[in-house]
Peer 1: 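Just passing along the structure, written as structure tokens.
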Amino acid sequence: MSDRNSGFRELQHTADAAIEVWASSVENLFSTALSGMYQLMGVSSNSSRLAESTVIQLEENDLESLLVAFLSECLYFCDSKGLLVNPTHLSIHGNCLEAVCQLATLTTIEKEIKAATYHNLKIINNGNYWQATIVFDL
């Protein structure tokens, strides 16, 4: 999932790591946040060795909680299964997320991220784009 109007940049943060993310849709915001998290981690995979596909379904109280839950689920796949999650289709309706994902075998991880946090997390929609700043616990 890519959107030429989406992106992320790393922000300076004292003890943890943070990224600012923007996109033209909430779905692309979530996908871009995942890409940003993976870049912070310095991960790579052997894309010629795709493991399988999976569906991630989540429901939370609000979009911020849904984003943290989604990133946490992707961290779980990295940490416990040695797999990278690549959403091929992601849909968000209200506070529910469904992502169809390809899983690839993780080959490199340079920096461990323990968790995506709620610290100052607010998803903003100004009508033209979506934006969020995400702080990660290292």
Side-chain angles (χ1 to χ4, degrees):
M1 298 188 59
S2 88
D3 173 1
R4 69 173 196 227
N5 296 319
S6 64
F8 60 88
R9 66 183 177 102
E10 187 172 356
L11 302 173
Q12 294 297 322
H13 199 275
T14 35
D16 297 318
I19 56 174
E20 178 183 31
V21 184
W22 61 92
S24 60
S25 71
V26 68
E27 290 85 0
N28 285 334
L29 183 81
F30 277 54
S31 291
T32 304
L34 178 59
S35 296
M37 181 179 79
Y38 283 161
Q39 183 169 318
L40 282 175
M41 294 170 71
V43 298
S44 62
S45 69
N46 186 346
S47 58
S48 66
R49 292 187 40 147
L50 293 177
E52 58 192 66
S53 62
T54 191
V55 176
I56 296 173
Q57 295 179 320
L58 301 167
E59 182 175 1
E60 294 293 334
N61 294 328
D62 53 40
L63 283 177
E64 289 81 7
S65 298
L66 193 60
L67 178 58
V68 169
F70 175 64
L71 295 174
S72 298
E73 185 74 8
C74 295
L75 279 172
Y76 167 77
F77 275 91
C78 282
D79 293 341
S80 68
K81 298 185 178 199
L83 298 170
L84 288 183
V85 174
N86 178 25
T88 55
H89 176 75
L90 193 146
S91 61
I92 297 172
H93 300 287
N95 297 326
C96 297
L97 173 145
E98 181 173 290
V100 177
C101 306
Q102 288 290 332
L103 301 173
T105 303
L106 178 66
T107 56
T108 306
I109 183 166
E110 295 173 3
K111 183 189 304 182
E112 181 185 349
I113 288 181
K114 294 178 186 171
T117 73
Y118 291 95
H119 181 72
N120 292 334
L121 178 60
K122 178 134 179 84
I123 296 175
I124 299 167
N125 176 6
N126 80 353
N128 295 323
Y129 68 95
W130 293 78
Q131 180 180 354
T133 300
I134 307 154
V135 177
F136 298 94
D137 183 19
L138 300 180

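Residues take their numbers from the sequence shown, with the count starting at 1. Atom set for the values below is all heavy atoms of this structure, side chains included, hydrogens, waters and symmetry mates excluded.
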Peer 1: Out of curiosity, D137 CG to I113 CD1, how far, rounded to the nearest 0.5 Å?
Peer 2: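 One finds 9.5 Å between CG of D137 and CD1 of I113.
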
Peer 1: Out of curiosity, I92 CD1 to L67 CG, how far, rounded to the nearest 0.5 Å?
Peer 2: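 Spacing of CD1 (I92) from CG (L67) equals 8.0 Å.
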
Peer 1: Report yes if some heavy atom in the side chain of V21 is under 4.5 Å from a heavy atom in the side chain of I134; otherwise report no.
Peer 2: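 Answer yes - side chains close enough.
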
Peer 1: Let me confirm one number: the OH-CD1 distance from Y38 to I109, rounded to the nearest 0.5 Å.
Peer 2: 9.5 Å

Peer 1: Using a 4.5 Å cut-off on heavy atoms from C-beta on, say whether the side chain of I123 contacts that of F30.
Peer 2: yes

Peer 1: Test: side chain to side chain donor-acceptor pair (under 3.5 Å). Region: residues 63-80. Which pairs qualify, not counting sequence neighbours?
Peer 2: D62-S65

Peer 1: Do you reckon V26 sits in the same ILVMFWY cluster as Y118, going by side-chain contacts under 4.5 Å, direct or chained?
Peer 2: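 In one cluster: yes.
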
Peer 1: What are the two closest non-hydrogen atoms of P87 and L34, and how far apart are they?
Peer 2: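 Heavy atoms only, the tightest pair is CD-CD2, 3.7 Å.
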
Peer 1: Same cluster or not: are L71 and W130 linked, directly or through other Ile, Leu, Val, Met, Phe, Trp or Tyr residues, by side-chain heavy atoms under 4.5 angstrom apart?
Peer 2: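 L71 and W130: one cluster.
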
Peer 1: So, applying side chain to side chain contact (heavy atoms under 4.5 Å, CB included) with F136, which one of D16, L40, T117 is it?
Peer 2: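 For F136, the side chain to side chain contact (heavy atoms under 4.5 Å, CB included) test succeeds with only one of D16, L40, T117, which is L40.
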
Peer 1: Which distance, rounded to the nearest 0.5 Å, do you find between the OG of S53 and the CG of N86?
Peer 2: 11.5 Å

Peer 1: When rounded to the nearest 0.5 angstrom, what is the spacing between CD in E98 and NE2 in H89?
Peer 2: 7.0 Å

Peer 1: I'd like to know if the side chain of T54 reaches the main chain of C101, judged simply by a donor and an acceptor atom lying under 3.5 Å from each other, with no hydrogens or angles considered.
Peer 2: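 It does not hold such a pair.
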
Peer 1: Is any side-chain heavy atom of V43 less than 4.5 Å from a side-chain heavy atom of L106?
Peer 2: yes

Peer 1: Just so I know, are the side chains of L66 and L58 near enough to count as touching, which here means a heavy-atom distance under 4.5 Å?
Peer 2: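 The answer is yes, as the side chains (C-beta and beyond) meet within the 4.5 Å cut-off.
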
Peer 1: Check L75 against A115 and note the closest heavy-atom contact, atom names and distance.
Peer 2: CD1-CA, 3.9 Å

Peer 1: Group every Ile, Leu, Val, Met, Phe, Trp and Tyr by side-chain heavy-atom contacts under 4.5 Å, then state whether L29 and V85 land in the same group.
Peer 2: yes

Peer 1: The criterion is side-chain hydrogen bond (donor to acceptor under 3.5 Å, both in side chains); which residues satisfy it with Y129, sequence neighbours excluded?
Peer 2: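 side-chain hydrogen bond (donor to acceptor under 3.5 Å, both in side chains) list for Y129, sorted by chain: Q131.
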
Peer 1: Ignoring hydrogens, what is the shortest heavy-atom contact between T88 and Q102? Give both atom names and the distance.
Peer 2: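 Looking at all heavy atoms of both residues, the shortest contact is CG2-CG, 3.8 Å.
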
Peer 1: Looking only at non-hydrogen atoms, find the nearest pair between A99 and F70 and report the distance.
Peer 2: CB-CE1, 4.4 Å

Peer 1: To the nearest 0.5 angstrom, please state how far the CG atom of L84 sits from the OG atom of S44.
Peer 2: 7.5 Å

Peer 1: Counting C-beta onward and ignoring hydrogens, is there a side-chain heavy-atom pair between L97 and E60 closer than 4.5 Å?
Peer 2: no

